[in-house]
Undergrad: 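Got a structure for you, written out below as structure tokens; questions coming shortly.
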Amino acid sequence: MSQILHSSSVKKLITKGLKAECKSLRENNIFPQLKVILVGSDPASLIYTANKKKYCEKIGAICEIVALDEKISEADFRKTIDQINKDELVHGCIIQLPLPKHLSHLDVGHLVVKEKDVDGFNPENLYALMRNGNDSKDFISCTPKGILTLMQESQIAVAGKHVVIVGRSMIVGKPLAMLLTNHNATVTLAHSQTENLKTLTKSCDILVSAIGKANFIDETYISANKNQVIIDVGMNTDAQGQLCGDVHYERVVNLVSAITPVPGGVGPMTIVSLAQNLLQASKNKLSL
Ligand SMILES: NC(=O)c1ccc[n+]([C@@H]2O[C@H](COP(=O)([O-])OP(=O)(O)OC[C@H]3O[C@@H](n4cnc5c(N)ncnc54)[C@H](OP(=O)(O)O)[C@@H]3O)[C@@H](O)[C@H]2O)c1
């Protein structure tokens, strides 16, 4: 019987801790505050930012969505972020992606100062991850951090294991490879140019898929007798318009020892990690 790695119980437990932590910060006159910069009205971004605000408020933090006009000039966009960088009352700032075309050339990692970079994209935070990344004061990218937390809380060991990550984006695959390496996994980072992908995915202990293709990983990518763990990061829409992962869940679920569902697996952990980073930023400011 496969273990289904629902994140709901892990999220509930961590949320309880975050609420208590936030309460204690507030009692000490520290009011954790996140600014979410949203340019334009991309429908998915509206939902993602609203979810982030809702969760921050649930734990007792302040979250403002800074909604900017789709056509805002680069100078005004930069000015807005500079003001937030300097605002003593703000502890964390994230820029919701994607940005409109005329701003998409900007490297967002350089815009938010490292002390408020709760997305973990600032070069100094990325360097900290490269260097070691296990210092709790550093900000680790939210999705990789959430994946590790989910595995740890589900008693899935990564040390010494061979992990194949399919997808090498800056927000998932690359930072996750570094994070799991820091936790003593042996990591192979695969992508669209990887030869013999199935040989790799069949040989690993843990397979992480972050491709962005509905139901791409099916039973032909799995070794039925290897007790593999499958982490599905994908958030896609299938032919029926339903939310689904990169992994063909029904075809794979009975062949593996554990698997994350979509929805209800990795997705909710990303917001939890964001809130953890925000509270850490609030404590870092006081060197708590
Ligand atoms: N649950 C969450 O919180 C969360 C967070 C972030 C992303 N996501 C989801 O995760 C998925 C990936 O997102 P992303 O932003 O990382 O995607 P991305 O930037 O589009 O990167 C996709 C990666 O997949 C690789 N790839 C594409 N087709 C492939 C194939 N046939 N075989 C092997 N590799 C292939 C690409 O390789 P190349 O580099 O060679 O092009 C690329 O590295 C999406 O569904 C997204 O919605 C979920």
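Whatever order the structure lists ligands and atoms in, that order sets their numbers, starting from 1.
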Undergrad: Considering only non-hydrogen protein atoms, determine which one is nearest to atom 30 (C) of ligand 1 and report residue, atom name and distance to 0.1 Å.
TA: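 In this structure, atom 30 (C) of ligand 1 has F216 CZ, 4.0 Å as its nearest protein heavy atom.
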Undergrad: If you take all heavy atoms of E115 and F139, which pair is closest and at what distance?
TA: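 Reported closest heavy-atom pair: O-CE1, 3.5 Å.
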Undergrad: Test your reading of the structure: does M235 have an N or O sitting under 3.5 Å from an N or O of ligand 1?
TA: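 Indeed, backbone or side chain, M235 has an N or O that close.
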Undergrad: Of all the atoms in ligand 1, which lie at a distance below 4.0 Å from a heavy atom belonging to V166?
TA: 33 (C), 34 (N)
Undergrad: Using a 6.0 Å cut-off, check whether atom NZ of K198 has over 12 heavy atoms from anything other than its own residue.
TA: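 More than 12 heavy atoms, drawn from other residues, nucleotides or ligands, come within 6.0 Å of this atom.
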Undergrad: Starting from atom 8 (N) of ligand 1, locate the nearest protein heavy atom and write down its residue, its atom name and how far away it is, to 0.1 Å.
TA: V233 O, 3.6 Å
Undergrad: Can a donor-acceptor pair be found between the side chains of D138 and N125 at a distance below 3.5 Å?
TA: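 Checked: D138/N125 side chains show no N/O donor-acceptor pair below 3.5 Å.
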Undergrad: Checking a contact table here: which protein heavy atom is nearest atom 38 (P) of ligand 1, and how many Å away?
TA: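 Nearest neighbour among protein heavy atoms for atom 38 (P) of ligand 1, to 0.1 Å: S192 OG, 3.4 Å.
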Undergrad: Is it true that E21 and K283 have a side-chain N and a carboxylate O under 4.0 angstrom from each other?
TA: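 Yes, this pair counts.
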Undergrad: Quick check: closest heavy atoms across G109 and P123, and the distance to 0.1 Å?
TA: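 Heavy atoms only, the tightest pair is O-CD, 3.3 Å.
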Undergrad: Where's the contact between K213 and ligand 1, heavy-atom distance under 4.0 Å: side chain, backbone, both or neither?
TA: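 Just the side chain.
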Undergrad: Within the 4.0 Å heavy-atom shell around T270, which atoms of ligand 1 are there?
TA: 2 (C), 3 (O)
Undergrad: Please check if any side-chain donor atom of T15 sits under 3.5 Å from a side-chain acceptor atom of K58, or the reverse.
TA: no
Undergrad: May I ask you to list the atoms of ligand 1 that are less than 4.0 angstrom from any heavy atom of N236?
TA: 45 (O)
Undergrad: Would you mind checking which non-hydrogen protein atom is closest to atom 25 (C) of ligand 1, with the distance to 0.1 Å?
TA: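 For atom 25 (C) of ligand 1, the nearest protein heavy atom comes out as G167 CA, 4.0 Å.
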Undergrad: How far is atom 44 (C) of ligand 1 from its nearest protein heavy atom, and which residue and atom is that?
TA: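 Its nearest protein heavy-atom neighbour is G212 CA, 3.5 Å.
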Undergrad: Of all heavy-atom pairs between S257 and N227, which one has the smallest distance, and what is that distance?
TA: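 For S257 versus N227, the nearest heavy atoms are OG-O, 3.1 Å.
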Undergrad: Number the atoms of ligand 1 from 1 as they appear, then name those within less than 4.0 Å of a heavy atom of I171, with their elements.
TA: 6 (C), 15 (O)
Undergrad: Which atom names give the shortest non-hydrogen contact between M170 and L126, and what distance separates them?
TA: CE-CD1, 3.9 Å
Undergrad: Do me a favour and list the nearest non-hydrogen protein atom to atom 22 (C) of ligand 1 with residue, atom name and distance?
TA: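 Among all protein heavy atoms, the one nearest atom 22 (C) of ligand 1 is I211 O, 3.3 Å.
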Undergrad: Heavy-atom contact under 4.0 Å between T143 and ligand 1?
TA: yes
Undergrad: So which protein heavy atom does atom 19 (O) of ligand 1 come closest to, and at what separation?
TA: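 Here the nearest protein heavy atom works out to S169 CB, 3.4 Å.
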Undergrad: Salt bridge (Lys or Arg N to Asp or Glu O under 4.0 Å), that's the test. Do E64 and K53 meet it? Break it down for me.
TA: CA-CA 7 Å; E64 188 199 341; K53 182 174 165 66; over 6 Å; no
Undergrad: If you measure from each heavy atom of A210 to ligand 1, is any distance below 4.0 Å?
TA: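 A heavy atom of A210 does come that close to ligand 1.
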Undergrad: Among all protein heavy atoms in this structure, tell me which lies nearest to atom 39 (O) of ligand 1, with the distance rounded to 0.1 Å.
TA: R168 NE, 2.7 Å
Undergrad: Is a donor from one side chain sitting under 3.5 angstrom from an acceptor on the other, for D246 and N236?
TA: yes
